[in-house]
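Data first, discussion second: the structure below is written as structure tokens.
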Amino acid sequence: MGTKTTPLHPIERLPAELSRPEVTARTRNILRATLAGQELSETDAVHLFQVDGADLDALTATADEIRRRRVGDDATFVITRNINYTNVCYMGCRFCNFAKRKDDPEAEFFDIDEVVRRAQEAWDRGATEVCIQGGLHPNIPGHFYRDMVKAIKRALPDMHIHAFSPFEIWFGAQKSRLSYRDFIRDLVDCGLGSMPGTAAEILDTEVRKQLTRDKLTTEQWVEIITTAHEEGLPTTSTIMYGHIDGPEHWAAHIALLRDIQKRTGGFTEFVPLGFIHYKTPLFLEHEGVRPGPTRLEHIRMHAVARLMLNGWIDNIQASWVKLGPDLARQMLAAGVNDMGGTLMNESISRAAGGEHGQEMLPEALASMIREMGRRPVRRNTLYETVETFDEPALLSVAGGLS
Ligand SMILES: C[S@@+](CC[C@H](N)C(=O)[O-])C[C@H]1O[C@@H](n2cnc3c(N)ncnc32)[C@H](O)[C@@H]1O
Ligand SMILES: Nc1c(NC[C@H](O)[C@H](O)[C@H](O)CO)[nH]c(=O)[nH]c1=O
Ligand SMILES: N[C@@H](Cc1ccc(O)cc1)C(=O)O
Ligand code: SF4
């Protein structure tokens with residue numbers, strides 16, 4: 001773990017967009033240095049997070065080129081089902097409208113049989129993964145997490161269980177009176193396959209104080225993620241952006257993820273999660289909170305992440321449930337090589353007013369990928385190929401993004 005991965009496509013190619021006279025010298029120099037293999041600094045990332053026009057075209061073309069060199073033209077997705085076993089939660093994150101109180105008519109709690117039933121249904125529909133996350137329900141006993149993992153594995157030994165954010169790990173460890181390490185080790189022994197790197201939001205103390213009362217601190221998030229990686233448990237990495245945050249926070253957040261990856265090598269991917277604002281207390285009750293990222297901010301986030309994480313995290317995922325299918329597809333030209341999962345069910349974005357549905361069928365994801373001139377590949381959670389789609393790619397590669 002922690003070793004730089006070797007590029008798949010070492011062929012050098014300078015994107016034509018870099019030579020256009022309208023591109024500013026600063027942007028051109030940063031992008032050339034990055035293409036030559038130099039690490040993108042936080043300061044330069046902050047600059048790139050704000051570029052427009054020809055500079056933005058040069059940024060996306062560079063991200064696209066680095067994507068091609070690192071992972072080629074395949075674009076992946078996974079058949080997975082979200083199981084949000086409870087929405088009962090008292091942590092009071094202001095950006096979250098998923099959480100409900102116990103006596104709320106919309107409060108939900110699935111017992112373990114129901115979780116297994118949903119996993120079985122997913123398996124019967126071709127899923128290789130279940131993505132399990134939930135609220136921090138005060139009545140959950142510490143052994144609930146291990147019982148759930150064991151019950152799914154008993155019924156479906158080959159199902160990959162991608163479950164429990166660092167915040168749920170914090171909660172479960174506390175309830176079980178175990179250290180993070182012992183709690184995680186036990187879950188791995190029971191069959192946990194990987195963890196979502198959610199609860200990251202913006203890894204900055206000041207921003208976190210405003211987003212949420214009691215959420216895990218930056219230091220605790222890093223400690224739990226690092227412990228998981230040390231125990232051989234891979235995790236994803238995420239950022240939730242477009243509310244009270246800005247370019248400095250984004251650059252520092254991704255630099256922190258890069259530092260962790262240099263030490264552990266445990267991140268499978270980076271997933272930018274645009275803030276869905278509509279029904280959230282954060283947006284409705286506070287002045288000056290932005291209504292999620294703009295289209296250009298989405299493009300810059302995926303592109304700059306590709307550049308900053310070059311050589312360290314090869315998979316940059318677009319979340320269709322946050323972006324919508326149209327924008328998610330466009331991200332494939334801005335550094336993205338993964339379209340995430342089919343999901344089957346989705347409650348978190350929907351509760352916040354998200355309008356992009358609950359499920360994307362494999363055929364729909366594959367045709368989005370083909371429309372961008374790329375080859376669809378169904379993967380498992382660990383990015384191993386499960387199925388390739390051999391129809392010839394359409395030649396109509398979409399043009400510039402800005
Ligand atoms: C809802 S929580 C579930 C797991 C656990 N309760 C936790 O907080 O880690 C999972 C993640 O959903 C994301 N999320 C919640 N509300 C959101 C919103 N309005 N827009 C975008 N992402 C959101 C956050 O990144 C959060 O960490
Ligand atoms: N489950 C949600 C995802 N992505 C999860 C991925 O599909 C998959 O579990 C991961 O790629 C594992 O490798 N993204 C969202 O924005 N919302 C979800 O609910
Ligand atoms: N994409 C995350 C999971 C996730 C789930 C729900 C969300 O609202 C956001 C993200 C992961 O696989 O690690
Ligand atoms: S983000 Fe997670 S911890 Fe925070 S309120 Fe929502 S469900 Fe609870």
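Numbers here simply count residues along the sequence, with the first being 1. Indexing begins at 1, ligand by ligand and atom by atom, following the structure's order.
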task = Looking only at distances, please establish whether an N/O atom of ligand 2 is found under 3.5 Å from an N/O atom of Thr80.
result = no
key: Numbered atoms and elements of ligand 1 in range of Lys215, under 4.0 angstrom, heavy atoms   = 7 (C), 8 (O), 9 (O), 27 (O)
query = Any idea which part of Ser165 is under 4.0 Å from ligand 1, heavy-atom wise: side chain, backbone, both or neither?
reply = side chain
Side chain, backbone, both or neither: the part of Met91 lying under 4.0 Å from ligand 1 by heavy atom = neither
note = Going by the 4.0 angstrom heavy-atom rule, the piece of Thr280 near ligand 1 is side chain
ask   = Which of these passes side-chain contact (heavy atoms from CB on, under 4.5 Å) with Ile244: Gln210, Arg290, His286, His249?
value = Gln210
remark   = If we number the atoms of ligand 1 from 1 as shown, the ones under 4.0 Å from a heavy atom of Phe275 are 19 (N), 20 (N), 21 (C)
query = Backbone, side chain, both or neither: what part of Leu273 comes under 4.0 angstrom of ligand 2, heavy atoms only?
reply = side chain
task = Give the C-alpha distance, both sets of side-chain angles, the deciding distance and a yes or no for salt bridge (charged side-chain N to carboxylate O under 4.0 Å, His left out) between Asp73 and Arg67.
result = CA-CA 8 Å; Asp73 284 336; Arg67 182 272 307 157; 2.8 Å; yes
query = Once the angle between the rings of Phe109 and Phe144 is folded into 0 to 90°, is it parallel (under 30°), tilted (30 to 60°) or perpendicular (over 60°)?
reply = tilted
ask   = Considering distance alone, does some N or O of Thr238 sit under 3.5 Å from an N or O of ligand 3?
value = no
ask   = Could an N or O of ligand 2 be found under 3.5 Å from any N or O of Thr268, whether backbone or side chain?
value = no
ask   = Should the pair His277 and Phe283 be assigned to parallel (<30°), tilted (30 to 60°) or perpendicular (>60°) ring geometry?
value = perpendicular
message = Quick check on Gln174: does its CD atom have over 12 non-hydrogen neighbours (other residues, nucleotides or ligands) under 6.0 Å away?
response = yes
Rounded distance [0.5 Å steps], CD1 in Ile79 versus CD in Glu359 = 9.5 Å
key: Distance under 6.0 Å and angle within 45° of ring axis: Arg118 vs Phe110   = yes
message = Can you tell whether the side chains of Glu114 and Arg117 come within less than 4.0 Å, N to carboxylate O?
response = yes
key: Euclidean distance, Thr342 OG1 relative to Gln358 CD, rounded to 0.5 Å   = 12.0 Å
request  = Mark the output for Ala99 as yes if a heavy-atom distance to ligand 1 is under 4.0 Å, and as no if none is.
outcome  = no
ask   = Just wondering, more than 12 heavy atoms not from Lys150 lying within 6.0 Å of its NZ?
value = no
inquiry  = Pair Arg329, Glu371 - check salt bridge (charged side-chain N to carboxylate O under 4.0 Å, His left out), show working.
reply    = CA-CA 8 Å; Arg329 185 168 41 79; Glu371 278 170 49; 3.4 Å; yes
message = Can you confirm, on distance only, whether ligand 1 has an N/O atom lying under 3.5 Å from any N/O atom belonging to Phe95?
response = yes
task = Would you mind running through ligand 2 and noting each atom that sits below 4.0 Å from a heavy atom of Gly340?
result = 7 (O)
ask   = Cys89 versus Lys100: any side-chain heavy-atom pair under 4.5 Å?
value = no
ask   = Under a 4.0 Å heavy-atom limit, does Ile348 contact ligand 2 with its side chain, its backbone, both, or neither?
value = neither
ask   = Does Asn82 reach ligand 2, in the sense of a heavy atom lying below 4.0 Å from it?
value = yes
request  = Return yes or no for this condition: an N or O of Arg379 is under 3.5 Å from an N or O of ligand 2.
outcome  = yes
ask   = So is there a nitrogen or oxygen of Lys322 less than 3.5 Å from a nitrogen or oxygen in ligand 2?
value = no
message = Counting only nitrogen or oxygen atoms and a 3.5 angstrom limit, does Thr236 reach ligand 3?
response = yes
task = Using a strict cut-off of 4.0 Å, indicate which atoms of ligand 1 neighbour a heavy atom of Glu168.
result = 4 (C)
task = Work out whether the distance between some heavy atom of Gly274 and some atom of ligand 1 is less than 4.0 Å.
result = yes
key: ligand 1 N/O within reach of Leu136 N/O, cut-off under 3.5 Å   = no
request  = Pick one of side chain, backbone, both or neither for how Ile276 approaches ligand 1, counting any non-hydrogen atom pair under 4.0 Å.
outcome  = both
query = Does the N or O separation between Lys322 and ligand 3 drop below 3.5 Å for any pair?
reply = yes
query = Taking the six-membered ring for Trp, are His253 and Phe270 parallel (under 30°), tilted (30 to 60°) or perpendicular (over 60°)?
reply = tilted
message = Suppose I only count heavy atoms of Val321 and a 4.0 Å limit; which atoms of ligand 2 are within that range?
response = 15 (C), 16 (O), 17 (N)
request  = Tell me, please: is His277 in heavy-atom contact with ligand 1, that is, under 4.0 Å?
outcome  = no
inquiry  = For atom 10 (C) of ligand 3, what's the nearest protein heavy-atom neighbour? Residue, atom name and distance, please.
reply    = Thr198 CG2, 3.5 Å
ask   = Just how far is it from atom CG of Asp158 to atom NZ of Lys153, taken to the nearest 0.5 Å?
value = 7.0 Å
ask   = Going by the atom numbers of ligand 2, which of them fall below 4.0 Å from some non-hydrogen atom of Thr381?
value = 12 (C), 13 (O)
ask   = For ligand 2, which atoms sit closer than 4.0 Å to a heavy atom of His162?
value = 9 (O), 12 (C)
inquiry  = Below 3.5 Å, N or O to N or O, backbone or side chain included: is there any such pair between Ser319 and ligand 2?
reply    = yes
query = Near Glu269, which atoms of ligand 2 are under 4.0 Å from a heavy atom of that residue?
reply = 10 (C), 11 (O), 12 (C), 13 (O)
request  = To the nearest 0.5 angstrom, please state how far the OG atom of Ser319 sits from the CD1 atom of Ile276.
outcome  = 7.5 Å
Option set His162, Gln133, Glu129, criterion heavy-atom distance to atom 5 (C) of ligand 3, minimum = Gln133
